[in-house]
2 protein chains.
Amino acid sequence: MGITERKERQRAELREHIVQVARDMVMKEGFGALSMRKLADAVEYAPATLYLHFENRDAIARELCVRGFQELLAMLEPAADVKDPVQRLSRLAEAYVAFGLEHPETYRLVFMEDPKLSAALFQDKHEGAGPKSFALLVRAFEDLKAAGRALDATPSEQLAEVFWAGLHGIISLKLTCAGFQGAPAQALAETLVATLVHGPKSSRRSR
Amino acid sequence: MGITERKERQRAELREHIVQVARDMVMKEGFGALSMRKLADAVEYAPATLYLHFENRDAIARELCVRGFQELLAMLEPAADVKDPVQRLSRLAEAYVAFGLEHPETYRLVFMEDPKLSAALFQDKHEGAGPKSFALLVRAFEDLKAAGRALDATPSEQLAEVFWAGLHGIISLKLTCAGFQGAPAQALAETLVATLVHGPKSSRRSR
DNA sequence: CCAATAAATGAACGGCGTTCACCGAACGGT
DNA sequence: ACCGTTCGGTGAACGCCGTTCATTTATTGG
């Protein structure tokens, strides 16, 4: 009949529109400023209408989390293709930091708000976006080890976790404890890379 | 006259009581669950009465931030007295992580909520508790350099910032993205220390 | 043109932070 | 001993919030 298809499409479009407007609000004023009533106002529907498309506010937040993380992943991917593992780590760090600084409110939402909101990203060891991007890092450290430039006694997974934690710490301290760090985030990230990369070859090279 | 003194003391005691009850609520249910009305209920006063002692909810949060940070500092201090800089860093990391895991809601409040709440801790380069404890780390890295066990080309301040960021990243990822990290926080912290400590002497030693 | 189905809504509930006019008790001066 | 003042304390209200549900409005298939 085609008419139910059209309805379904319109329904999906409205849902998408709601998400987009919500995304704008979060990026502009932060997740805390996202209210169902203001969102309803912005899309020109009654508040109750939102509940026809989302279970509740958290469901919208979860959707935004997924998209935010995908954006981050998209920024990491080019860096992950660099062949030299040392440079790859540098580029990954640079991209991660750039994302955090350019999209602070998105970063906050994904990594610093309620675990409930981002939980979906970090389970399913072999499906979710979280583990998938984490694997990029593990691979980088394995390649680094193959080149004899990493702590050999430590599992690559653990090095990757420390690396991610280091980057996350740099960004999130900047976002929450502004002015605590003196050095710019990119410089700290470079230092982080330098400490994780060891070995004989000229290891100090900034970009 | 002594009567105004008594009044002042009672006033201070009530204020203190309010802070303590608020602290309990935050530690038990998180900062998000701290509401002026529930707090008023818990101390058995009307909500409006709280405003005779605090400008607003944020003022209470700021007070809790200061105290939370002092608790953290108290846990760091013994570790800061260790003579050997390598062991000192280990102990500092261990203490920091322990605090974060034992007081997750306090940690969240101080380091992961609105910058407004913790701002007071991180300004006043030579007075605030933040810079003061940061100085502990800088000193540790200076001692480390003196022993020839740190990246000499990098300023101690920057190494300290990376160190703190690394610890913060480990804790805060655990708190927000539970299950993302496979390894326990203490193990990651050890690895972090190992990567920041270089040099000839037996550098791999876990505690 | 009507019955059925789906979309959208207004109004309400309970909770929130915050303000302010008001009350009662304790106080200092006489 | 009385009285005006001062001050800790409060009830009620304002404007927000998320969420629910009975009801209305629009759209569809017969």
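These numbers were taken from a predicted model, which means no experiment stands behind them.
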Find the bend of the helix from C:dC1-D:dG30 to C:dT30-D:dA1 as the angle between its two terminal axes (five pairs each), to the nearest 10°.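 Answer rounded to 10°: the end axes differ by 20°.
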Show me the donor-acceptor pairs, under 3.5 Å and distance only, between side chains in residues 169-176 of chain B and residues at least two apart or in other chains.
residue, atom, partner, partner atom, Å
B:S172, OG, A:H168, NE2, 2.9
B:S172, OG, B:H168, O, 2.8
B:K174, NZ, B:Q181, OE1, 3.0
B:K174, NZ, B:A183, O, 2.9
B:T176, OG1, B:R108, NH1, 3.3

Would you mind reading off the distance between [X] atom [atom1] and [N] atom [atom2], rounded to a whole angstrom?
| X | N | atom1 | atom2 | answer |
| --- | --- | --- | --- | --- |
| B:Y51 | C:dC16 | OH | P | 11 Å |
| B:L50 | D:dT10 | CG | P | 10 Å |
| A:R15 | C:dA7 | CZ | P | 14 Å |
| B:R11 | D:dC7 | CZ | C1' | 10 Å |
| B:M36 | D:dT10 | CE | P | 14 Å |
| A:E8 | C:dA6 | CD | P | 12 Å |

Taking A:Q158 for the side chain and B:A187 for the main chain, is one N or O donor matched with an acceptor at less than 3.5 Å?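 Yes, A:Q158 side chain to B:A187 backbone: donor-acceptor pair under 3.5 Å.
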Under 3.5 Å: donor-acceptor pair, side chain of B:Q123, backbone of A:F180: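 No; judged by distance alone, with no hydrogens or angles, the pair does not exist.
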Hey, mind stepping through B:R11 and B:H53 against side chain to side chain contact (heavy atoms under 4.5 Å, CB included) and telling me if it holds? CA-CA 8 Å; B:R11 202 183 143 77; B:H53 298 270; 3.8 Å; yes
First locate atom CG of B:D58, then atom CG of B:D114, and finally report the distance between them rounded to the nearest 0.5 Å.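 Between B:D58 CG and B:D114 CG, I get 7.0 Å after rounding to 0.5 Å.
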Tabulate protein N/O versus nucleotide N/O from nucleotides 23-26 of chain C, keeping only pairs under 3.5 Å, one per line.
none

Please, which pairs that meet salt bridge (Lys or Arg N to Asp or Glu O under 4.0 Å) have at least one residue in residues 23-33 of chain B, sequence neighbours excluded?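 Qualifying pairs, neighbours excluded: B:R23-B:E71.
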With sequence neighbours left out, which residue pairs that include part of residues 31-47 of chain A fulfil the salt bridge (Lys or Arg N to Asp or Glu O under 4.0 Å) condition?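 Not a single pair qualifies under salt bridge (Lys or Arg N to Asp or Glu O under 4.0 Å).
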Mind checking side chain to side chain contact (heavy atoms under 4.5 Å, CB included) for A:A93 and listing every partner two or more places apart, or none if nothing turns up?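 Listed in chain order: A:F163, A:L167, A:A189, A:V193.
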Quick one: side chains of residues 59-67 of chain B, donor-acceptor pairs under 3.5 Å with protein atoms, not counting sequence neighbours, listed by atom name and distance.
residue, atom, partner, partner atom, Å
B:E63, OE1, B:R15, NH2, 2.5
B:E63, OE2, B:R67, NH2, 3.2
B:R67, NH1, B:E16, OE1, 3.4
B:R67, NH1, B:E16, OE2, 3.0
B:R67, NH2, B:E16, OE1, 3.0

Which part of the nucleic acid, if any, lies within reach of [X] when heavy atoms closer than 4.0 Å are counted: base, sugar-phosphate only, or nothing?
| X | result |
| --- | --- |
| B:L14 | sugar-phosphate |
| A:S35 | sugar-phosphate |
| B:L34 | sugar-phosphate |

Take B:Y45 and B:I18, measure what side chain to side chain contact (heavy atoms under 4.5 Å, CB included) needs, and give me the verdict at the end. CA-CA 10 Å; B:Y45 280 91; B:I18 292 171; over 6 Å; no
What side-chain donor-acceptor pairs closer than 3.5 Å can you find for residues 96-105 of chain B, not counting sequence neighbours?
residue, atom, partner, partner atom, Å
B:Y96, OH, B:Y107, OH, 2.6
B:Y96, OH, B:W164, NE1, 3.0

Short of 4.0 Å, heavy atom to strand atom, which residues of residues 52-65 of chain B count as contacting DNA chain C?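 When residues 52-65 of chain B is checked for heavy atoms under 4.0 Å from DNA chain C, the hits, listed by number, are B:N56, B:R57.
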Residues within residues 40-48 of chain B bordering DNA chain D, heavy-atom distance below 4.0 Å: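 Under 4.0 Å from DNA chain D: B:Y45, B:A46, B:A48.
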Do any of residues 25-32 of chain B sit with a heavy atom less than 4.0 Å from DNA chain D, and if so which?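 Correct list: empty, so none.
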Would you say the side chain of A:E161 lies within less than 4.5 Å of the side chain of A:F134, judging by non-hydrogen atoms?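 In short, these two side chains touch, coming nearer than 4.5 Å.
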What side-chain donor-acceptor pairs closer than 3.5 Å can you find for residues 138-145 of chain A, not counting sequence neighbours?
residue, atom, partner, partner atom, Å
A:D143, OD2, A:R88, NH1, 3.1
A:D143, OD2, A:R88, NH2, 2.7
A:K145, NZ, A:T154, O, 2.5

Under-3.5 Å donor-acceptor pair between B:R37 side chain and C:dG17 base: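 When only heavy-atom distances are counted, B:R37 does reach the base of C:dG17 through a donor-acceptor pair under 3.5 Å.
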Is it the case that atom CD in B:E55 sees more than 12 heavy atoms from other parts of the structure closer than 6.0 Å?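 Open.
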So does B:Q10 have more than 12 non-hydrogen atoms from other groups sitting under 6.0 Å from CD?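 Counting neighbours around CD of B:Q10, more than 12 heavy atoms of other residues, nucleotides or ligands fall under 6.0 Å, so yes.
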So, is the end of the B:R57 side chain (NZ or CZ) under 6.0 Å from the ring centre of B:Y51 and within 45° of the ring's axis?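 Ring-cation test returns no.
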